[in-house]
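On a predicted model such as this, the values are computed, not experimentally measured, just so you know. In what follows, residues are counted from 1 in the order of the sequence shown. Just so you know, these numbers use all the heavy atoms, side chains as well, and skip hydrogens, waters and symmetry mates.
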Amino acid sequence: MEGIEHKTIKVNGINMHVAEKGQGPVILFLHGFPELWYCWRHQMHALASLGYRAVAPDLRGFGDTDAPAEASSYTCLHVVGDLIALLDAVAADQEKVFVVGHDWGAVIAWHLCLFRPDRVKALVNLSVAFTPRNPQYKPVPALKAVYGGDYYMCRFQEEGDIEDELASLGCARVMKEFLSNRNPGPLMLPKGKGFGNASPDAPVTLPSWLSEDDIHYYASNFEKKGFTGALNYFRNLDRNWELTAPWTGAKILVPVKFIVGDQDLVYNSMGAKDYIHKGGFKKYVPLLEEVVVMEGVAHFINEERPEEINQHIYDFFKKFD
């Protein structure tokens, strides 16, 4: 990618691959599952041209960043620890930075703001709203009770089994299935049935915003070490719930803009719309300045509508320069 520099930085006991472009106030871009720094390529070029320094790491377990063997090494505390060390390395001259997150990157961004609001100037989060910790419900059993054992987050708890199933499909097929999914309903992965298609060999039609070259980049990276590191984020849902007990009832105290597509499966999950639009979200994120719902857009919003997302990010962050 033209003008993007790549480097490896030692952070929190691991080697982290980081992509960078531009000079100026730092914007830290945090990718989700099953993606890489690469999902921010459009935003990096655009924001760098507007006077910002775009910094997009591969999170631990992804891409060219180290993938610790133990699932317990992927808690929110580990990952936020990585990011604080990264900021110390790349933005030592900036007390606070801008942050943009999507999917798991959004979850991590919420945790970063919860644990270290002193390091965040403002946040644009995509797809996943902040959800306060509920001391009554452990996440995985609660998800299983609502959606059943075939729900993708429940299937991802099966160490080894789900990796074998994904490997049997091939990384390219897995990436096509995830990234092209536009079903706003719960994502189900019935055991032994892949993504539930009539034929596992049926071609997947890529959306206009996703090329075979993009698929190749993602797939070739996941082929190096498999999906285990990425899946370990889901395997820490309950552990994160236990570890964040001290933050029960805590609020996000940084300025926030939230953007989601109306076809996003997260936005269409149980209770999400009411929580976002009827006061719950604002209660726990009191500095929430704007909620943008983009019509006809699914989950991978920053790749599907890059120009609009670029503009939304710039319009929000320029107020804090």
Side-chain angles (χ1 to χ4, degrees), residues 11-14 28 30 32-33 59-62 67-88 96 99 101-120 123 125-149 151-159 228-256 258 266 269-272 274-276 278-288:
V11 300
N12 197 24
I14 64 170
L28 177 64
L30 304 176
F33 175 92
L59 297 176
R60 69 164 54 203
F62 289 85
E70 296 297 321
S72 58
S73 294
Y74 292 79
T75 70
C76 56
L77 295 176
H78 287 90
V79 183
V80 171
D82 298 344
L83 299 179
I84 293 299
L86 174 62
L87 293 179
D88 288 343
K96 296 185 177 186
V99 180
H102 172 255
D103 187 78
W104 260 106
V107 176
I108 297 303
W110 293 125
H111 282 125
L112 174 61
C113 293
L114 196 61
F115 303 153
R116 295 299 303 272
D118 58 305
R119 301 301 294 270
V120 181
L123 169 68
N125 250 355
L126 314 178
S127 181
V128 182
F130 175 71
T131 305
R133 180 183 185 274
N134 187 332
Q136 305 301 319
Y137 294 103
K138 212 169 189 176
V140 174
L143 289 168
K144 193 168 186 176
V146 172
Y147 296 113
Y151 186 56
Y152 77 106
M153 291 193 195
C154 298
R155 289 295 321 279
F156 286 175
Q157 307 302 313
E158 303 168 11
E159 293 189 42
T228 297
L231 294 169
N232 282 339
Y233 284 72
F234 297 91
R235 291 166 183 161
N236 280 280
L237 287 168
D238 286 350
R239 191 176 285 111
N240 287 340
W241 177 82
E242 294 170 2
L243 292 171
T244 54
W247 288 273
T248 301
K251 298 179 179 181
I252 300 294
L253 299 177
V254 303
V256 173
F258 179 71
V266 182
S269 61
M270 187 174 293
D274 282 351
Y275 170 73
I276 289 169
K278 295 185 177 179
F281 193 17
K282 179 72 171 178
K283 176 183 176 182
Y284 286 98
V285 187
L287 301 181
L288 176 67

Counting C-beta onward and ignoring hydrogens, is there a side-chain heavy-atom pair between [X] and [Y] closer than 4.5 Å?
X: Tyr275; Y: Pro132; answer: yes
X: Leu112; Y: Ile84; answer: yes
X: Val107; Y: Asn240; answer: no
X: Ser73; Y: Asn232; answer: no
X: Phe234; Y: Gln157; answer: yes

Over all heavy atoms of both residues, which pair between [X] and [Y] is shortest? Give the atoms and the distance, please.
X: Pro139; Y: Leu237; result: CG-O, 3.7 Å
X: Ile14; Y: Arg60; result: CD1-CB, 3.6 Å
X: Lys251; Y: Pro286; result: CB-CD, 4.0 Å
X: Asn125; Y: Ala106; result: ND2-O, 3.1 Å
X: Gly149; Y: Cys154; result: O-CB, 3.7 Å
X: Asn236; Y: Arg239; result: OD1-NH1, 2.5 Å

Determine yes or no for a side-chain-to-main-chain donor-acceptor pair under 3.5 angstrom, with [X] supplying the side chain and [Y] the backbone.
X: Asp103; Y: Gly105; value: no
X: Asn12; Y: Ala85; value: no
X: Trp110; Y: Val128; value: yes

Inset, instruction - Tell me, with the steps shown, if Phe33 and Tyr152 meet ring-ring contact (aromatic ring centres under 6.0 Å, His included). - result: CA-CA 12 Å; Phe33 175 92; Tyr152 77 106; 7.7 Å; no
Approximate separation, where rounding is to 0.5 Å, of [X] [atom1] and [Y] [atom2]:
X: Asp118; Y: Leu253; atom1: CG; atom2: CG; answer: 12.0 Å
X: Ile108; Y: Cys76; atom1: CD1; atom2: SG; answer: 6.5 Å
X: Arg235; Y: Met153; atom1: CZ; atom2: CE; answer: 13.5 Å
X: Thr75; Y: Glu242; atom1: OG1; atom2: CD; answer: 11.0 Å

Inset, instruction - I would like to know whether Leu83 and Leu30 meet side chain to side chain contact (heavy atoms under 4.5 Å, CB included); could you show each step before the answer? - result: CA-CA 10 Å; Leu83 299 179; Leu30 304 176; 3.8 Å; yes
Inset, instruction - Give a yes or no on this: more than 12 heavy atoms of other residues, nucleotides or ligands lie within 6.0 Å of atom NZ of Lys282. - result: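 Check passes, neighbour count above 12.
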Inset, instruction - List the steps, then state whether side chain to side chain contact (heavy atoms under 4.5 Å, CB included) holds for Lys96 with Arg119. - result: CA-CA 4 Å; Lys96 296 185 177 186; Arg119 301 301 294 270; 5.7 Å; no
Inset, instruction - On the 0 to 90° scale, with breaks at 30° and 60°, tag the Phe115-Trp247 ring pair as parallel, tilted or perpendicular. - result: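 Correct class here is tilted.
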Legend entry - Candidate pair Ile252 and Leu287, rule side chain to side chain contact (heavy atoms under 4.5 Å, CB included), full reasoning: CA-CA 8 Å; Ile252 300 294; Leu287 301 181; over 6 Å; no
Inset, instruction - Would you check, one step at a time, whether the test side chain to side chain contact (heavy atoms under 4.5 Å, CB included) holds for Phe258 with Phe130? - result: CA-CA 10 Å; Phe258 179 71; Phe130 175 71; over 6 Å; no
Legend entry - Qualifying residue for ring pair (Phe, Tyr, Trp, His ring centres under 6.0 Å) with Phe62, from Tyr74, Trp104, Tyr233: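 Only one of Tyr74, Trp104, Tyr233 forms a ring pair (Phe, Tyr, Trp, His ring centres under 6.0 Å) with Phe62, namely Tyr233.
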